[in-house]
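Shown next, in structure tokens, is the structure this report addresses.
Note that the structure is a prediction, hence the values are computed from the model and not measured. Whatever order the structure lists them in is the order used to number ligands and atoms, beginning at 1.
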Amino acid sequence: MFVQSTLITLALVLSASASPVAEGLGTRIPFEKREGFTNGSGWFDHDRAVAQVVRDRNKHRNNMINLEHNMGRNNFNEGAHIRPVANYSQMDKSSHKGKRQAESLTDEGGDQYWAGNIQIGTPGKKFYIDFDTGSADLWVPSVNCTSSYCSGKNKYDPSTTSTDSRKSGSFSISYGDGSKVSGPVYTDTVAVAGITVKNQYFSPVNTLSSMFGGEAMDGILGLAFPSLSNLRQPPFFNSAKSQGAVKNGVFAFKLAKTGSELYLGGTDTSLYTGAIEYHSVTGSGFWQVAGASLNVGTKAVQSNFQTIIDSGTTIIYGPPSQVKTFYQSIPGSKVYDSSNGFYSFPCSSVPSNVSFSWGGKKWTISAANFNFGRVSSTTCIGAIAGQDLGLGTNTWLLGDSFMKNVYSVFSFDQNSVGFATLK
Ligand SMILES: *[C@@H]1O[C@H](CO)[C@@H](O)[C@H](O)[C@H]1NC(C)=O
Ligand SMILES: *[C@@H]1O[C@H](CO)[C@@H](O)[C@H](O)[C@H]1NC(C)=O
Ligand SMILES: *[C@@H]1O[C@H](CO)[C@@H](O)[C@H](O)[C@H]1NC(C)=O
Ligand SMILES: *[C@@H]1O[C@H](CO)[C@@H](O)[C@H](O)[C@H]1NC(C)=O
């Protein structure tokens, strides 16, 4: 039985104000919307999409390393493996039609996340954070990060907080640009929308990858299971539950153009209609659900695969051969970029009949969410890409192009993921 609590609301709104505004029982925090890969006049930004692929590949490479270390390889999905580091400079961007100059990485990837404020330390210092269901650690820039990638970002300084504690060990993720996100390990008080956790493990990072320079966000707060943690410590939400800072080990997302929110401690009944369709989590670290089908209209074009729900990316990834089969059901579709797995289709018939299902309702991806934008006056790019992230030969990763179509619920209490119809 799921308790519908009204504990805390984190609102993702487009307004720019940064200070939390109390409202009723919850606390509303302004969030920035993810912009995706479509520019103001509807064109697909290929460089930005490739940068996202590189980030996703390296993030999940790191997840597999952590999962192997924490749980052993026998917890890998079928065919899962640790891929080599993806290097942005070596990625094939040849299908880019030269419509504009390649940007430097530091100008790239802005707004590709759903972010809001948290506070670290006593007194609390504000950080602007990407909430990521596809990873399990919290990191922010350190005062010791002097590289240009850290300039303009909020930085953690242990000398300005009375509740810091340096721990042994270190934190490190490799990104494919010759740099890492790495730093020492600390604990301190962390507060998100009034939910306060003491002695939360995190890393103030001394080095930041160029993949994160030039972005508004300071760092990442992982919402996946502890077995994916590089710090090998309970992530923020798990600490919040065990310290009694939230009653229910449940959080839920509405991701949309307006009125988006992350709700911690239950579900926000004002945002969805009907029952929540819950499915048990399979596997041991991701928000993963088995028994999925991908449908075009009434026809299942792939069935019985694993799905991982990841708020940290825009893209929906499937194994390359399965994605190829899927696009055979999309009239006029073609490979656009074989190395990064993107496909095109005629802009005059953007599919509005593509859905995922898990034995219940068909959860349809709207045409707007399926379309990443045009690459010519007549050709558009699809949100489903074929790419081996190392997560398994029968495993898909569903980013926000899927999540934007549903109310999604993540329950540690019931070890399940749920979907409901957005109001
Ligand atoms: C979008 O991208 C296209 C192609 O690169 C470019 O011609 C157009 O000016 C861009 N529009 C905006 C608003 O940035
Ligand atoms: C920054 O560097 C100083 C000197 O090496 C060290 O004492 C301090 O702990 C570092 N701070 C962080 C947050 O890493
Ligand atoms: C990435 O590729 C560039 C260009 O080939 C190379 O200079 C750089 O060292 C590579 N970085 C890593 C981490 O392999
Ligand atoms: C799905 O939508 C596309 C584009 O509108 C259409 O061409 C196709 O016939 C539809 N397929 C099914 C199976 O309904």
Side-chain angles (χ1 to χ4, degrees), residues 35-50 93 95-103 107-108 110-111 120-121 125 127 138-147 150 153-161 163-172 180-188 201-208 218-219 231 293-302 325-333 336 343-355 357 362 364-384:
E35 295 298 344
F37 308 123
T38 316
N39 81 3
S41 36
W43 289 75
F44 175 61
D45 188 334
H46 188 239
D47 288 344
R48 185 180 276 194
V50 173
K93 296 179 281 289
S95 60
H96 187 261
K97 297 298 192 288
K99 284 273 187 326
R100 55 172 228 190
Q101 295 295 304
E103 292 169 318
D107 294 327
E108 198 135 23
D111 305 332
I120 305 181
K125 179 172 170 62
F127 292 89
L138 169 61
W139 61 261
V140 293
S142 157
V143 69
N144 288 350
C145 179
T146 51
S147 86
C150 281
K153 293 194 187 293
N154 295 304
K155 300 186 183 84
Y156 178 76
D157 182 354
S159 71
T160 63
T161 161
T163 41
D164 67 299
S165 174
R166 173 91 192 245
K167 302 294 174 189
S168 61
S170 61
F171 171 80
S172 178
K180 290 179 173 196
V181 175
S182 65
V185 180
Y186 272 76
T187 61
D188 207 333
Y201 276 81
F202 72 103
S203 179
V205 300
N206 301 323
T207 59
L208 194 59
D218 298 313
L231 297 169
S293 296
L294 173 61
N295 318 289
V296 178
T298 55
K299 183 174 149 235
V301 294
Q302 287 292 330
T325 305
F326 158 72
Y327 276 105
Q328 283 162 7
S329 296
I330 303 300
S333 66
Y336 174 70
Y343 285 75
S344 68
F345 53 82
C347 300
S348 55
S349 59
V350 182
S352 58
N353 51 13
V354 175
S355 65
S357 54
K362 285 193 168 73
T364 299
I365 302 169
S366 71
N369 291 332
F370 190 84
N371 187 0
F372 274 173
R374 60 181 68 240
V375 290
S376 76
S377 55
T378 54
T379 310
C380 285
I381 300 296
I384 294 182

*Would you indicate which of Val301, Asn353, Val354 comes nearest to atom 10 (C) of ligand 4 when only heavy atoms are counted?*
Asn353

*asked:* I'd like to check which ligand 4 atoms, numbered from 1 as shown, lie under 4.0 Å from a non-hydrogen atom of Pro331.
replied: 7 (O)

*If only atom types and distance count, is the side chain of Asp218 paired as donor or acceptor with the main-chain N or O of Asn154 below 3.5 Å?*
yes

*Provide, to 0.1 Å, the distance between atom 6 (C) of ligand 2 and the closest protein heavy atom, together with that atom's residue and name.*
Asn144 ND2, 4.1 Å

*Dump the intermediate steps for side chain to side chain donor-acceptor pair (under 3.5 Å) on Thr364 and Lys362, then the final yes or no.*
CA-CA 6 Å; Thr364 299; Lys362 285 193 168 73; over 6 Å; no

*Do me a favour and list the nearest non-hydrogen protein atom to atom 13 (C) of ligand 4 with residue, atom name and distance?*
Val296 O, 3.5 Å

*In ligand 2, which numbered atoms sit nearer than 4.0 Å to a non-hydrogen atom of Ser142?*
12 (C), 13 (C), 14 (O)

*Taking atom types as modelled, find out whether Asn39 and Asp45 have a side-chain donor-acceptor pair closer than 3.5 angstrom.*
no

*So is there a nitrogen or oxygen of Tyr156 less than 3.5 Å from a nitrogen or oxygen in ligand 2?*
no

*Between Phe370 and Phe345, does the ring centre distance come in under 6.0 Å?*
yes

*Nearest protein heavy atom with distance in Å, relative to atom 4 (C) of ligand 4*: Ser349 O, 3.9 Å

*Is the shortest distance from atom 2 (O) of ligand 4 to a protein heavy atom below 4.0 Å?*
yes

*Could you go through the side chain to side chain donor-acceptor pair (under 3.5 Å) check for Asp188 and Tyr156 one step at a time?*
CA-CA 10 Å; Asp188 207 333; Tyr156 178 76; 2.7 Å; yes

*So which heavy atom in the protein is nearest atom 9 (O) of ligand 2, and how far is it from that ligand atom?*
Tyr186 OH, 3.0 Å

*Sub-3.5 Å donor-acceptor pair from the side chain of Ser172 to the main-chain atoms of Ser182, do we have one?*
no

*So how far is it from Ile120 CD1 to Leu138 CG, rounded to the nearest 0.5 Å?*
5.0 Å

*Which ligand 2 atoms, with their elements, are less than 4.0 angstrom from a heavy-atom of Pro158?*
13 (C)

*Per-atom contacts of ligand 2 with Arg166, taking only distances under 4.0 Å to non-hydrogen atoms*: 9 (O)

*Check ligand 1 against Ser41 and write out every atom of the ligand that is under 4.0 Å from a heavy-atom position of the residue.*
1 (C), 8 (C), 10 (C), 11 (N), 12 (C), 13 (C)

_Value rounded to 0.5 Å, distance of CG in Asn369 from OG in Ser352_ = 12.0 Å

